[in-house]
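Report on the structure given below.
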Amino acid sequence: MESDKPFLIVLVGPTAVGKTEFSIELAQKYNGEIISGDSMQVYKNMDIGTAKITPDEMADIPHHMIDILEPDEPFSAYEFKNRAQKLIKEITDRGHVPIIVGGTGLYIQSLIYDYAFEDETISEAHSEYVEAKLAELDQLSNEALHQYLASFDEISAQAIHPNNRKRVRRAIQYYLKTKKLLSSRKKVQQYTENYDTLLLGIEMSRDILYQRINTRVDIMLERGLLSEVKQLVENGYETSQSMQAIGYKEIVPVVKGQIGLDEATNKLKQHSRNYAKRQMTWFKNKLDVLWLDRENMSLSLMLDEVSVQIQKRRT
C-alpha cells in the first residue's frame, strides 16, 4: 500500500564504507537528488578532510547541503532539519526522489522522526550569565565538572562518562539556560515518522572497514590535506568549531610545528577508526536500518535488494 507521505531514501553507514558510490547508483536508478546528511560537508574549503564528493563523482546528480557555510559559521541538527525539510518538499515537487546520505546520526534522526527541538533562546543578560558561569566551570577537571552536573541532574550524570566533557558541558549548559534537566527532556521526545522512509545502511566487517579507513587517510594526505589545513589556519579558522572535527584537529599541530606528520597520521587513523565504531553502535541502537553487506554484495545486488524493498511497500 502506497503512503501519502513523501517518499525518501536514507542511506547511512560509517565513514569510508562506500556511501557516496552507492548513493550515485541509487540516484541514477530512481531519478533522485542527494541531500548530504554530513555535519562537516556543509563547510566551504574543507574538502579533503571531509572526503567531500567531487564534481566528477557527482555524475550530474544534483547535490544539496554541500559548501553552504564558511568554516566559522555554526551548524546544528536543528538547522539541518529545517533546511532538509524544505529541500525534500522542493525535490518531491519536481517529481524526484530525495536521497539523504550521511553519517551524522542525530541529523538523520532529527529529520526522519518528529524530533522535538526546544527553543533555547534567552535574553542577552541571561546569556552573559550562562557564558560567564560556563567559563568558570571550564576551569574544573573532568571529574569535578561531572560532579557538578550530578549535583542537580544525577540521571544525566549516570548516563554520561566523566571523560565525555563535551556532553557533560552540554547538559550543564542546558540546565543553566532553561532551568530544566536534560534527562527530563529526553523522556518527552516524540518519535513520529514524518515520511515514507526507506532507511538503508551499508556495513562490512570491522577489519575490512578499518583497512579502508587507513587507506582513505593516506589518500587524503596525498591529495593535500596538510595544505588544506594550513590554508584554513592562515585564514583564521583555527579556533572554529569545525576545526575540531576528525581530519583537522590532528593536522593543526603539524601546521604549527608541534608534532610530526607521522604521529598526526597515526592519530588521525585511530580517531577515524574509533569514530566509525561509534557510528555503527549509534545507528544500530537508534535507527531501524535495513543493512546491506557491501563486503558480500555487489552494487548491483544491493540495488536489487532496494528494488525488492520498494516493491514491498507498493503492494
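Note that this is a predicted model, so its numbers are computed, not measured.
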- request: Apply the side chain to side chain contact (heavy atoms under 4.5 Å, CB included) test between Ile34 and each candidate in Leu11, Ile24, Ile53, Ile100; give the one that qualifies.
  value: Ile24
task: State, without any angle test, whether Asn266 and Gln270 hold a side-chain donor-acceptor pair at a distance under 3.5 Å.
output: no
message: Same cluster or not: Trp282 versus Met40, using hydrophobic residues (I, L, V, M, F, W, Y) connected whenever any side-chain heavy atoms lie under 4.5 Å apart?
response: yes
- request: Report yes if some heavy atom in the side chain of Gln85 is under 4.5 Å from a heavy atom in the side chain of Leu111; otherwise report no.
  value: yes
task: Would you please name every residue forming a side chain to side chain donor-acceptor pair (under 3.5 Å) with Glu57, sequence neighbours left out?
output: Thr54
field: Least distance between heavy atoms, Ile202 atom then Pro14 atom
entry: O-CD, 3.6 Å
Exam field: side chain Arg313 to backbone Thr197, donor-acceptor pair closer than 3.5 Å: yes
field: Any side-chain heavy-atom pair of Arg212 and Val17 under 4.5 Å
entry: no
- request: Please say whether more than 12 non-hydrogen atoms of neighbouring residues, nucleotides or ligands are located less than 6.0 Å from CZ in Arg94.
  value: yes
field: Flag for Arg216-Ser272: side-chain donor and acceptor within less than 3.5 Å
entry: no
task: Please work out which of the three classes, parallel, tilted or perpendicular, describes the rings of Phe75 and Tyr107, given edges at 30° and 60°.
output: perpendicular
message: So Lys166 and Gln244, do their side chains get closer than 4.5 Å, heavy atoms only?
response: no
query: Do you see a donor-acceptor pair shorter than 3.5 Å between the side chains of Ser123 and Tyr129?
result: no
query: So, His146 side chain and Asn163 main chain: donor-acceptor pair closer than 3.5 Å or not?
result: no
statement: CD (Glu295) and CD1 (Ile208) are apart, to the nearest 0.5 Å, by 5.0 Å
- prompt: Hey, does Leu199 have a side-chain heavy atom less than 4.5 Å from the side chain of Val12?
  reply: yes
query: Are the charged groups of Glu79 and Arg83 less than 4.0 angstrom apart, N to O?
result: yes
task: Consider only side-chain heavy atoms of I, L, V, M, F, W and Y, link residues closer than 4.5 Å, and tell whether Phe283 and Ile9 are in one cluster.
output: no
message: Using modelled atom types and a 3.5 Å cut-off, is there a donor and acceptor pairing between side-chain atoms of Gln279 and backbone atoms of Gly103?
response: yes
- prompt: Is it true that a side-chain atom of Glu228 and a backbone atom of Gly49 form a donor plus acceptor pair closer than 3.5 Å?
  reply: yes
query: Are Ile88 and Val97 in one and the same hydrophobic cluster, where Ile, Leu, Val, Met, Phe, Trp and Tyr link if side-chain heavy atoms are under 4.5 Å apart?
result: no
- prompt: Distance-only, no hydrogens or angles: does the Gln241 side chain make a donor-acceptor pair with backbone N or O of Pro74 under 3.5 Å?
  reply: no
- request: Please tell me if the side chains of Tyr43 and Thr50 come closer than 4.5 Å, counting only heavy atoms from C-beta onward.
  value: no
task: Give a yes or no on whether Lys230 atom NZ has more than 12 heavy-atom contacts from other residues, nucleotides or ligands under 6.0 Å away.
output: no
- prompt: Considering only heavy atoms from C-beta outward, does the side chain of Leu268 approach that of Leu221 to under 4.5 Å?
  reply: no
task: Ignoring hydrogens and angles, tell me if any N or O in the side chain of Tyr248 forms a donor-acceptor pair with the backbone of Ser242 under 3.5 Å.
output: no
- prompt: Sub-3.5 Å donor-acceptor pair from the side chain of Arg273 to the main-chain atoms of Asn214, do we have one?
  reply: no
- prompt: Would you say Glu33's side chain and Ile91's backbone share a donor-acceptor pair under 3.5 angstrom?
  reply: no
task: Can you run down the salt bridge (charged side-chain N to carboxylate O under 4.0 Å, His left out) pairs that involve residues 63-73, sequence neighbours left out, and say none if there aren't any?
output: Lys44-Glu70, Lys52-Asp67
- prompt: Between Met243 and Val233, is any pair of side-chain heavy atoms under 4.5 Å apart?
  reply: yes
- request: Decide whether Ile66 and Ile99 are clustered together by the hydrophobic rule: side chain heavy atoms of Ile, Leu, Val, Met, Phe, Trp, Tyr closer than 4.5 Å, transitively.
  value: yes
Residues that Glu136 engages under salt bridge (charged side-chain N to carboxylate O under 4.0 Å, His left out), provided they are two or more places apart: Lys133
message: Around atom CG of Asp60, are there more than 12 heavy atoms from other residues, nucleotides or ligands closer than 6.0 Å?
response: no
- request: Answer yes or no for Lys179 and Tyr175: cation-pi contact, defined as NZ/CZ to six-membered ring centre under 6.0 Å and angle to ring axis within 45°.
  value: yes
query: Taking a hydrophobic cluster as the set of Ile, Leu, Val, Met, Phe, Trp and Tyr residues connected by side-chain heavy atoms closer than 4.5 Å, whether directly or through intermediates, do Leu8 and Leu200 fall within one such cluster?
result: no
- request: Please confirm whether the backbone N or O of Val168 pairs with a side-chain atom of His161, one donor and one acceptor, at under 3.5 Å?
  value: no
- request: Would you confirm whether Gln41, through its side chain, and Met65, through its main-chain N or O, come within 3.5 Å as a donor-acceptor pair?
  value: no
